Amino acid sequence: PRVLVATDCLSEGVNLQEKFSAVLHFDLPWNPNRMEQREGRVDRYGQTEPRVKAIRFYGTDNPIDGAVLNVLLNKAREIHRALGTYVPVPEDSETVMEAVLNSLFMRKKTVKTAHGQGMVQKTLFEENPELNKLHKQWDLDVQRERINRTRFAQRAIKPSEVKRELEAVDKVLGDPEAVKEFMMEALDRLGLTLKRDEKRPKVYRLFLSESILKTLPEAVSTKLFPIKREKELAFSFDSPTPAGASYIGRNHPLVTALARYLFENALSAGENALVPRCGVIRTRAVSTLTALLLLRVRYLLRIPQRPDLLAEEVMAAGFRLDSPPDKNWLSEKDALFLLENALPSSNISLPEKRELLEWILEEMGEWQNRPDMDSIKNPFQKELSKRLKERAKMLTESHKRIRKAVRLRIRELKVLPQFPPDLLGLLVLQPEVTP
């Protein structure tokens, strides 16, 4: 579609940003908020065009259009520029219309020309008591809004703290780069290749043949083709998204479907799983035998005056096997770095892989279901519980910082780790022996 003609029935609750990039106001509404609502159908999140046009159409010889434009809409736009928000006209439409009509047709005054002759001239607004009253009330509302915005400004929140919290969220949930890497790896496991567009570096294309379509799991194919089947799809992991491409974020149904399918497949398919839960590689990234763990940790979140909540997150951990358990743990940063960057340097036999995995699992021991984590005896699990407590303390402080910034109660807030965690994955890194 190129043109859509509509009444105000489409001014609210309809998303048009994927099809249109301009709004033409064929009439001028009395309330500026209605103009903002109309423009908001197109000028909103997901719009791919770099520029959205909003055009006000009016008659230059129409005194009512001129009155509405000059006194109501232009003033509303100036208020928006000053405050960053619209302040509604403080009267109903009938009152505004009556004031404008009175100013146009009922108020007149006599003025003298250059030749000294008198003539009758209509006065638009300067002697209109109804409209003067309207503007005085409007100005009071603007001042009240300015005071409120100053009073409730989030001065307690520092940009550096906000950045730290956002980075912590991205670390757990995945930033756009992590989503891209996951998509490319996951699709590759299913026999699909996501290729970068040669002309547009932020766009990736996925080619689909009939033979490939037949091999895709139904849970994935239904998310790729919710409405119609196409031979080639265009994706982007950047926002704003280039025109003609679909934005893929961590909450996109396709990302969710791929993650759920691969996760369930890893848990249930055994040796035939597309994604293994354990592995051993020989690498130059470490100088001593190292184990990397992928854990799902649960926490009990106690919030003042609210029922307890159960939360969970995926956490990377790692430890070396050349020192005592209390001194061999890696930082989370180092564990994540190795998990992402350690590459195989040479082959290793299957029997040796099995032997290393069995030995490390024996060192870790059977998980002990202990609500009281201080009573854990296994050295490895005891050290792991300490790290979970440290993580819970960091989460508690983060929750308190955010709640304090918005003036919520923090005194009784607690984040309590629940032991044991789920062991989702285990990767053993064996150092390359150089002659």
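Computed from a prediction, not measured in an experiment: that's the story for all the values here.
Of all the heavy atoms in Ile248 and Val179, the pair that sits closest is O-CG1, 4.1 Å. Nearest heavy-atom pair, Pro421 versus Leu384, reported as atom, atom and distance to 0.1 Å: CG-CD2, 4.1 Å. Residues Ala285 and Leu338 share a closest heavy-atom pair of O-CD2, 3.9 Å. The two residues Ala22 and Val42 come nearest to each other via the heavy atoms N-CG1, 3.8 Å. Gly249 approaches Val255 most closely through the heavy-atom pair O-CG2, 3.3 Å. When all heavy atoms are compared, the tightest approach of Leu289 to Pro431 is N-CD, 3.7 Å.
Using a 4.5 Å cut-off on side-chain heavy atoms (C-beta onward), Leu206 and Phe235 make contact. The side-chain heavy atoms of Val280 and Ile348, taken from C-beta on, include a pair separated by under 4.5 Å. Taking the side chain as every heavy atom from C-beta outward, Leu190 and Tyr261 approach each other to under 4.5 Å. At least one side-chain heavy atom of Leu321 sits less than 4.5 Å from a side-chain heavy atom of Ile360. Counting heavy atoms from C-beta outward, Leu216 and Leu192 have side chains that approach closer than 4.5 Å. Counting only heavy atoms from C-beta outward, the side chains of His25 and Ile55 never approach each other to under 4.5 Å. For the pair Leu343/Ile281, no side-chain contact is recorded, criterion being any heavy-atom separation below 4.5 Å from C-beta on. In this structure the side chain of Val3 never reaches within 4.5 angstrom of the side chain of Phe20, judged on heavy atoms.
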Legend entry - Full working for salt bridge (Lys or Arg N to Asp or Glu O under 4.0 Å) between Asp8 and Arg38: CA-CA 8 Å; Asp8 267 344; Arg38 295 177 184 179; 2.9 Å; yes
Inset, instruction - With salt bridge (Lys or Arg N to Asp or Glu O under 4.0 Å) as the test, would you mind laying out the steps for Glu313 and Arg391 before giving the verdict? - result: CA-CA 11 Å; Glu313 69 170 343; Arg391 175 63 178 167; 2.8 Å; yes
Inset, instruction - Could you check Asp175 against Arg250 for salt bridge (Lys or Arg N to Asp or Glu O under 4.0 Å), going step by step and ending with a plain yes or no? - result: CA-CA 8 Å; Asp175 57 13; Arg250 60 191 176 207; over 6 Å; no
Inset, instruction - Go through the steps to decide whether Glu397 and Lys400 satisfy the test salt bridge (Lys or Arg N to Asp or Glu O under 4.0 Å), and finish with yes or no. - result: CA-CA 5 Å; Glu397 294 173 351; Lys400 287 184 176 181; over 6 Å; no
Inset, instruction - List the steps and the verdict of side-chain contact (heavy atoms from CB on, under 4.5 Å) for Val314 and Leu295. - result: CA-CA 6 Å; Val314 174; Leu295 304 170; over 6 Å; no
Legend entry - Candidate pair Leu187 and Leu258, rule side-chain contact (heavy atoms from CB on, under 4.5 Å), full reasoning: CA-CA 8 Å; Leu187 291 173; Leu258 284 169; 4.1 Å; yes
Inset, instruction - Could you go through the side-chain contact (heavy atoms from CB on, under 4.5 Å) check for Val52 and Gln47 one step at a time? - result: CA-CA 9 Å; Val52 175; Gln47 174 62 253; 3.6 Å; yes
Inset, instruction - Just do the side-chain contact (heavy atoms from CB on, under 4.5 Å) check on Leu294 and Leu423 with the steps written out, would you? - result: CA-CA 6 Å; Leu294 194 63; Leu423 179 58; over 6 Å; no
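In this structure, Phe237 has its ring center under 6.0 Å from that of Tyr204.
No more than 12 heavy atoms of other residues, nucleotides or ligands sit less than 6.0 Å from atom CD of Glu18. Residue Lys353 places its NZ atom among more than 12 non-hydrogen atoms of other residues, nucleotides or ligands, all under 6.0 Å distant. Around CZ of Arg260, the count of heavy atoms belonging to other residues, nucleotides or ligands within 6.0 Å does not exceed 12. Heavy atoms from other residues, nucleotides or ligands lying under 6.0 Å from NZ of Lys414 number 12 at most. Annotation for Phe182: atom CZ counts as buried by contact number, over 12 foreign heavy atoms lying within 6.0 Å.
A donor atom on one side chain and an acceptor atom on the other are not found under 3.5 Å apart for Arg282 and Asn347. A donor-acceptor contact closer than 3.5 angstrom links the side chains of Glu432 and Ser345. Judged by distance alone, the side chains of Glu352 and Gln430 do bring a donor and an acceptor atom under 3.5 Å apart.
Proximity of a side-chain donor or acceptor of Asn378 to a complementary backbone N or O of Gln381 within less than 3.5 Å is detected. Asp197 places a side-chain N or O within donor-acceptor distance of the main-chain N or O of Lys199, the cut-off being under 3.5 Å. The backbone N or O of Leu416 sits less than 3.5 Å from a side-chain atom of Gln418, completing a donor-acceptor pair. Between the side chain of Arg302 and the backbone N or O of Leu309, no donor-acceptor pair lies under 3.5 Å. Ser236 contributes no side-chain N or O that, together with a main-chain N or O of Ala245, makes up a donor-acceptor pair within less than 3.5 Å. Checking side-chain atoms of Asn341 against main-chain N and O of Phe337 turns up a donor-acceptor pair under 3.5 Å. A donor-acceptor pair under 3.5 Å is formed between the side chain of Asn265 and the backbone N or O of Leu274. A distance-only check finds a donor-acceptor pair linking the side chain of His252 to the backbone of Leu254 [under 3.5 Å]. Side-chain atoms of Thr290 come within 3.5 Å of backbone N or O of Thr288 as a donor-acceptor pair. Using a distance-only test at 3.5 Å, with no hydrogens or angles considered, no donor-acceptor pair links the side chain of Arg41 to the main chain of Asn15.
Note that CD of Glu355 is 12.0 Å distant from CG of Leu350, once rounded to the nearest 0.5 Å. Trp329 CH2 to Leu293 CG: the interatomic distance, rounded to the nearest 0.5 Å, is 5.5 Å. Taking CZ of Arg196 as the reference point, atom NZ of Lys202 lies at 11.0 Å (rounded to 0.5 Å). The structure places CG of Leu10 at 6.5 Å from CG of Leu16, a figure rounded to the nearest 0.5 Å. Rounding to the nearest 0.5 Å places CD of Glu185 at 11.5 Å from CG of Leu194. In this structure, the separation between CG on Leu267 and CG on Leu262 is 11.0 Å, given to the nearest 0.5 Å.
At a threshold of 4.0 Å, the pair Glu358-Arg354 does not count as salt-bridged, since none of the basic side-chain nitrogens sits closer than that to a carboxylate oxygen. Under 4.0 Å is where a charged nitrogen must lie from a carboxylate oxygen, and between Lys393 and Glu390 no such pair does.
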